[in-house]
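Below, read A as the first sequence line, B as the second, and so on, with proteins coming before strands; counting in each chain starts at 1. Keep in mind that the numbers below use all heavy atoms, side chains included, and drop hydrogens, waters and symmetry copies. Remember, it's a predicted structure, so these values are computed and weren't measured experimentally.
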Number of protein chains: 2
Amino acid sequence: MARILLVEDDTSMGFLLVDFLETNGFDVKLYKDGIKGLEAFKNHSFDFCILDVMLPGMDGFSIAENIRQVDKRIPIIFLTARSMKEDKIKGFNLGVDDYVTKPFDEDELLLRIKAILNRLQLQEEDQETEFTIGQYTFDSSNQMLTLGDDSKRLTQKESDVLKMLCKSMNNIVRREDILVAIWGENDYFHGRSLDVFIAKLRKYLKDDTSVNIENVPKVGFVLNT
Amino acid sequence: MARILLVEDDTSMGFLLVDFLETNGFDVKLYKDGIKGLEAFKNHSFDFCILDVMLPGMDGFSIAENIRQVDKRIPIIFLTARSMKEDKIKGFNLGVDDYVTKPFDEDELLLRIKAILNRLQLQEEDQETEFTIGQYTFDSSNQMLTLGDDSKRLTQKESDVLKMLCKSMNNIVRREDILVAIWGENDYFHGRSLDVFIAKLRKYLKDDTSVNIENVPKVGFVLNT
DNA sequence: TAATCGTTGTTAACGCGTTGTTAAAATCGG
DNA sequence: CCGATTTTAACAACGCGTTAACAACGATTA
């Protein structure tokens with residue numbers, strides 16, 4: 001159960017979020033201004049931060065800077081007004097993991113949080129980087145796909161996509177989940193990118209006919225062995 | 001379309017709310033005092049309650065207590081005066097889902113209602129995904145219907161319909177409910193689509209004669225095993 | 001009983017959105 | 001600047017879901 005630091009000055013929005021996140025299995029602490037939030041961060045160990053950008057006292061970006069001085073790797077999600085430009089957010093070179101514009105869909109926020117946690121878990125826990133795909137072996141940490149003597153070094157994204165498919169071997173992996181986890185956004189163009197990568201992976205995997213990547217229309221893909 | 005029980009003694013506020021909620025696709029019944037509201041609750045099936053705390057006859061908290069005796073899970077939102085302390089509301093250990101202070105922003109109320117409804121849907125959907133249908137097994141998360149060695153990957157809508165039938169196995173599932181849940185609206189053409197999908201499912205399920213999808217004319221379908 | 005009407009069963013054809021695939025353009029990294 | 005990688009574009013192919021068409025059935029009349 002991940003511990004989340006939430007800094008949000010609007011009371012009703014704050015409660016709404018706390019409630020929602022708690023029912024989804026997170027341990028949430030809410031602070032209404034940046035000073036207190038930052039203080040809390042220093043005194044407790046959180047796994048995750050969700051910061052409103054517009055705050056009295058100290059804005060979200062400043063909090064993030066301070067948090068980053070303490071912990072360089074903790075995931076941070078910003079809540080921003082829709083009017084705020086992407087550039088401005090990305091411009092803050094703080095290793096921001098994601099941001100969500102208000103008013104936002106709670107499920108979308110949850111999806112993003114889970115995607116980030118998954119990503120981190122992968123980095124931390126996944127010693128299991130070796131997958132067997134029919135007669136192939138795939139070493140995701142080396143991005144290496146091997147069939148007999150033939151080895152092919154995959155690119156980063158090729159490897160990321162294949163790894164997601166491998167982790168749910170013979171099960172549907174949702175387009176949406178792949179896009180959010182790897183690209184961070186689920187829109188038309190990234191969707192087309194995914195299709196391109198699926199085509200590449202199919203080409204790499206074509207030498208074992210017992211292996212195939214199946215499309216489930218409008219839902220996602222299955223790596224069948 | 002969720003059915004909402006609204007108990008509010010102030011006439012103008014009441015009409016305002018009814019109007020607003022109805023234009024947002026809810027089916028709202030308004031009662032001006034707690035006794036009638038409670039009575040209505042017992043006689044009808046509501047999905048949601050919005051209760052004013054200050055009421056003549058029986059206050060909102062008392063109604064909530066009584067409602068909880070009938071239905072332990074139904075979402076309740078309180079309308080409270082701003083002056084009322086948080087503690088007092090949360091103190092009522094009634095499983096109150098949310099509260100809104102008057103005067104309130106209608107959009108905020110809508111947001112809260114939707115959030116709660118979403119949450120409920122999530123909780124419901126996250127339930128079991130594996131069903132046994134006679135000799136078949138149906139894995140709704142993988143959209144896979146299996147009989148012995150034979151597996152058939154269903155399309156999304158096929159899977160959605162079958163899942164609804166499975167969740168009420170041997171019970172009537174109303175046409176209207178399926179149409180609203182899966183197609184979003186209940187009109188002639190979507191109704192015919194549903195019939196087409198029922199025909200497809202019957203074909204998929206024909207190899208176990210103990211399984212059948214029964215039509216209940218003008219009402220819906222039953223998946224019998 | 002026969003005729004009519006509304007509902008459902010079933011199959012098939014069509015349109016259109018999604019996906020497959022390749023190639024060009026853009027971006028990234030050194 | 002170059003090569004590698006990713007994104008975007010373009011077009012082909014496919015298949016899902018809708019719609020149509022007709023058959024079957026039960027209920028309701030006369």
Next on the checklist: Less than 3.5 Å apart, any donor N or O on the side chain of B/Ser141 or B/Asp139 sitting next to an acceptor on the other?
Outcome noted: yes
For atom [atom1] of [X] and atom [atom2] of [N], their distance in whole Å:
{"X": "A/Trp183", "N": "D/dT5", "atom1": "CH2", "atom2": "P", "answer": "15 Å"}
{"X": "B/Leu179", "N": "D/dT18", "atom1": "CG", "atom2": "P", "answer": "10 Å"}
{"X": "A/Asp195", "N": "D/dC11", "atom1": "CG", "atom2": "P", "answer": "18 Å"}
{"X": "B/Asp160", "N": "D/dT18", "atom1": "CG", "atom2": "P", "answer": "11 Å"}
{"X": "A/Leu194", "N": "D/dT6", "atom1": "CG", "atom2": "C1'", "answer": "13 Å"}
{"X": "A/Lys200", "N": "D/dT5", "atom1": "NZ", "atom2": "C1'", "answer": "7 Å"}
{"X": "A/Arg192", "N": "D/dA13", "atom1": "CZ", "atom2": "P", "answer": "15 Å"}
{"X": "B/Ile198", "N": "D/dT18", "atom1": "CD1", "atom2": "C1'", "answer": "16 Å"}

By nearest-heavy-atom nucleotide on DNA chain D, the more 5' of B/Phe189 and B/Phe197 is B/Phe197
### Residue B/Lys29 excluded, over 12 heavy atoms near NZ under 6.0 Å
no
Salt bridge B/Asp160-B/Lys157, side-chain N to carboxylate O under 4.0 Å: no
Sugar-phosphate, base or nothing in reach of [X], heavy atoms under 4.0 Å:
{"X": "A/Thr155", "result": "sugar-phosphate"}
{"X": "A/Glu158", "result": "nothing"}
{"X": "B/Tyr188", "result": "nothing"}
{"X": "B/Arg175", "result": "sugar-phosphate"}
{"X": "A/Arg202", "result": "sugar-phosphate"}
{"X": "B/Asn215", "result": "sugar-phosphate"}

- Between D/dT18 and B/Ser193, is there an OP1 or OP2 to side-chain N/O distance shorter than 4.0 Å? yes
Judged by atom type as modelled, is there a donor-acceptor pair below 3.5 Å linking the side chain of [X] to the main-chain atoms of [Y]?
{"X": "B/Tyr31", "Y": "B/Leu38", "answer": "no"}
{"X": "B/Arg174", "Y": "B/Leu179", "answer": "no"}
{"X": "A/Asp9", "Y": "A/Asp33", "answer": "no"}

DNA chain C: first to last nucleotide in contact with chain A (atom under 4.0 angstrom from a heavy atom), 5' to 3', is C/dT18 to C/dT22
Residues A/Leu223 and A/Leu165: closest non-hydrogen pair is CB-CB, 3.9 Å
